[in-house]
Amino acid sequence: MSPPVYLDHAATTPVDPRVAAAMAECLTADGVFGNPASAGHVHGEAAFERVEAARAAVAAAVGADPQEVVFTSGATEADNLAIFGVAEHARPRGRHVVTARTEHKAVLDPCRELERRGWQVTYLAPDERGRVAPDRLAAALRADTVLVSLMHVNNEIGTVQDVAAFAAVCERHGGAWLHVDAAQSVGKVALDFHASGAALMSLSAHKSHGPKGVGALLLSRRHGVRIEPRQFGGGQERGLRSGTVATHQVVGMAAAFALAVAARPAEAIRLAALRERLWRGLEAHGGALRNGAPEDTVAAILNVSFADVEGESLLAAVAPRISVSTGSACTSASGEPSYVLRALGRDERLAEASLRFGLGRSTSAEDVDEAIAAVGAALSRLRRIGGGCAIAS
Amino acid sequence: MSPPVYLDHAATTPVDPRVAAAMAECLTADGVFGNPASAGHVHGEAAFERVEAARAAVAAAVGADPQEVVFTSGATEADNLAIFGVAEHARPRGRHVVTARTEHKAVLDPCRELERRGWQVTYLAPDERGRVAPDRLAAALRADTVLVSLMHVNNEIGTVQDVAAFAAVCERHGGAWLHVDAAQSVGKVALDFHASGAALMSLSAHKSHGPKGVGALLLSRRHGVRIEPRQFGGGQERGLRSGTVATHQVVGMAAAFALAVAARPAEAIRLAALRERLWRGLEAHGGALRNGAPEDTVAAILNVSFADVEGESLLAAVAPRISVSTGSACTSASGEPSYVLRALGRDERLAEASLRFGLGRSTSAEDVDEAIAAVGAALSRLRRIGGGCAIAS
Amino acid sequence: MRYSELTRQYFERAPCAGTLAGPDVVSGVAGRRPLGTWVRFDLRIAPAAARGPQILEARFLAFGCPHTIAVAAWVAEQAAGRPASAELPQPVDALRRSFEVPVEKLGRLLVVEDAWRAATAAAAKK
Amino acid sequence: MRYSELTRQYFERAPCAGTLAGPDVVSGVAGRRPLGTWVRFDLRIAPAAARGPQILEARFLAFGCPHTIAVAAWVAEQAAGRPASAELPQPVDALRRSFEVPVEKLGRLLVVEDAWRAATAAAAKK
Ligand SMILES: Cc1ncc(COP(=O)(O)O)c(C=O)c1O
Ligand SMILES: Cc1ncc(COP(=O)(O)O)c(C=O)c1O
């Protein structure tokens, strides 16, 4: 049996072979293996230069300055650093934070932790397409609001938020910095840190054909962003994030981002066509509801709820043929229905019986057709076993 | 000109080619690239299995149980998680921590931060060989002491501490958990987490021919260790460290540790002979003072102070021929004399004019001879330029 | 979610899925779809013998997770030739172990048991 | 620590390192070894001309960082043929720029300047 078609690129992506090659150059004795903090010798200096070149490349890929890039172990760390780092630093000014119900857990869970520590957090509700209205944000801001954390591209449904509008609202308020979780953005949608108006932005490499375990937090110089560090030690990353910088990891992120940004315009068109082909095929099976509106979502993500079928069984039934997920990868182990889809107004059953298709660089029309066929077969079998809608419950 | 001989293995090591190969298997589309948290499909399950196999291998290498392993982005994160995690959790019981002046910054700086937050920290002084006396630890413990953080192998001078004695003192005290920074230990000295009696232990891969950017914190089940998490999100690592686990990184750590542990007995003998050859050669240049006693230090580290020469110039003068460091890599950029050597009683000049030679798997007798020659040439030239001891200052 | 070999097999084959019809058929239903688990058994019953009613054949329908479907399918498969008694062919706890059902899913197996009891109770009333 | 090409060259070649002897030699010393920087210039002075004493040749000794050694060596090399005036062949600030000395090391260049001034003052007194 051939392995299933991989359609879970929103959970993680395979590393591009060119990226893997760049990483391999920074590992072994014949490569650039020195400690970038070892300033006293050529082995260290060579590593330092790779790290700084990577910083420049990451910055260039997302419209930031190199000095604005703080490397982290991923977007989870970047989100935590942004939220706790700003909250601690701005503590004397106020202890109110605004976010949305559809954020990633890497934002929501730090916010919950802030609440436990005495901060107040407002969780904005999205509309039924997953969009957070700038008006609602404006209404939620208070004199003591110090941080707004709203994502760019939602990881479950692919909704793209109007970051510039959020930034304008924060700018008018004056005291609240906007943090944007852009873990899903690079390569999927145009991203320009400076143009966005955000004060802080989280990035992750492994959603864009880079390695897992590396990301970055961008800190806007124009906004004069100041944060408290959370990890103390050798003083790396200008003291904002101590710990040996993993050369191969940041080099991998830089290479992946450069490739993803270059490929994006063509990919967006190609994937949008594949996504619509997929949707039409799924729709034809009946009882399929699209989550999020195509005009608001990235081409790489399609999220569909299926009526008259149980979610876990649906996933298990398609798993031998296609690798997809229900909810986000981080939470799918827990088995609870997606809180994101619930926030969009789906009932518990439909939220649970949803599949997220994450298209990627390798995705072909054949892959899409296989997905349509696999879901079709699973739906008809499970609906038959479940007695379908015909038999009352 | 051939590149300088690498003698800075205590700062970082090249990744073993076998380790790099194991990592490469977990990156690209033809490998195990799935998200280990994607429990719903074979791509995710395959990654999950690699991660759990790596956890078991890391545990086996250091005498721990797999369930005691929490993967982190390195020893800096592990140290921070241990110190803040225990301090926060034990806060109701007491707010006193004991550590030593010769700890790594990844321990000292979190302790300083605790002080800023109202904790009290006792910094034990080592003897002139770098050893912390268990008696001094016993005397420093108070009713409200909740944590003792003392390292296993010192990163600058290589001193091996008597962890079991520290553990016994903590055990008698009853309320204080012992955290051990063992970032330098694997492959350099026998390490057995359970036998050591430590409650928590930090590990790092890149000091043992594994990749940078990955480490682990061990939490003893026998001690019933509980900590507060610091990074919130997807709930990975049993909720103690959220963030996508980087399969290739933990696989690399596991492979590196297995190789290092297997090679250790023979390497320790081989390197001890090289280290003594190196010391004899340096000693012959005159004005060389050995930091730490050979019987207390690992074979892989030799730290020597040189009289009548300025530290930065010494390093710069040898740099074209050998890559070594003054002080630890993490701090060598700062240019201040090593606080570790100062704690051992060296004056500022001798602390500054010290070189740390870090021997490793690839180090040969020729490398050692080159180091002896390079240092000899640098010393005689700089002492001549400096007017030597002959001309009064 | 990782499934045992047995669970996977019965989930995929799902033997005896479907319904039965006729005057000698009894049914039992339990659970609710909106809550995520719903199971129905149809049993064709032989005229009461000395040892009580006997099951000639069985079918099931199940809306639920793979464990629910697998266990319901296995129960239906085992049923033929057995007495229509309230006891499952194997007690719930044994089923949980043999299908390696996580303990937090115990409630779903109880829905299977409830549907089985409802069906066998209907048989007893025949 | 990364050094500019100029710094590296003068640190490595260290032209004019050493001392001079003779009745026509003056010396100037500044700094203290225990504090990390010490510099000495020896200047061989030509009989006073109209424009004041002239430097025939110069040597330096330096205990200090590579920047200190490089700058002292450069100053000694430039000295020959110049008047023995208190001004360095280039002002400290210009030296800092051309050798790319980090600003926090300015104090060390001032030690070089002090040693130079001491030596040229001694020349003036001759
Ligand atoms: C929107 C979003 N934020 C944060 C994260 C966490 O990123 P990482 O896996 O790099 O920790 C993810 C992915 O898991 C994500 O999709
Ligand atoms: C003793 C010690 N602790 C902690 C660290 C930090 O480890 P890492 O580089 O993995 O963050 C190091 C190395 O830099 C070390 O030598």
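Below, read A as the first sequence line, B as the second, and so on, with proteins coming before strands; counting in each chain starts at 1. Any value given below was found using the heavy atoms of this structure, including those in side chains, with hydrogens, waters and symmetry copies removed. All figures in this text were calculated on a predicted structure; none of them were measured in a lab.
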(message) So for B/R384, is it side chain, backbone, both, or neither that comes closer than 4.5 Å to the heavy atoms of chain D?
(response) both
(request) Against chain D, label B/A319 side chain, backbone, both or neither, depending on which of its atoms sit under 4.5 Å from a heavy atom there. (result) neither
(request) For the pair D/R44 and D/E57, find out whether any cationic side-chain nitrogen is under 4.0 Å from an anionic carboxylate oxygen. (result) yes
(request) Determine whether the side chains of B/S364 and B/D367 contain a donor N or O and an acceptor N or O closer than 3.5 Å. (result) yes
(message) Hydrogens and angles aside, do D/D42 and D/T19 bring a side-chain donor and acceptor to less than 3.5 Å of each other?
(response) no
(message) Check for me whether B/R381 meets the cation-pi criterion with D/F11, that is, NZ or CZ under 6.0 Å from the six-membered ring centre and within 45 degrees of the ring axis.
(response) yes
(message) I'd like to verify something: which residue of D/C65, D/A14, D/A72, D/G36 has the highest number of heavy-atom pairs under 4.5 Å with chain B?
(response) D/C65
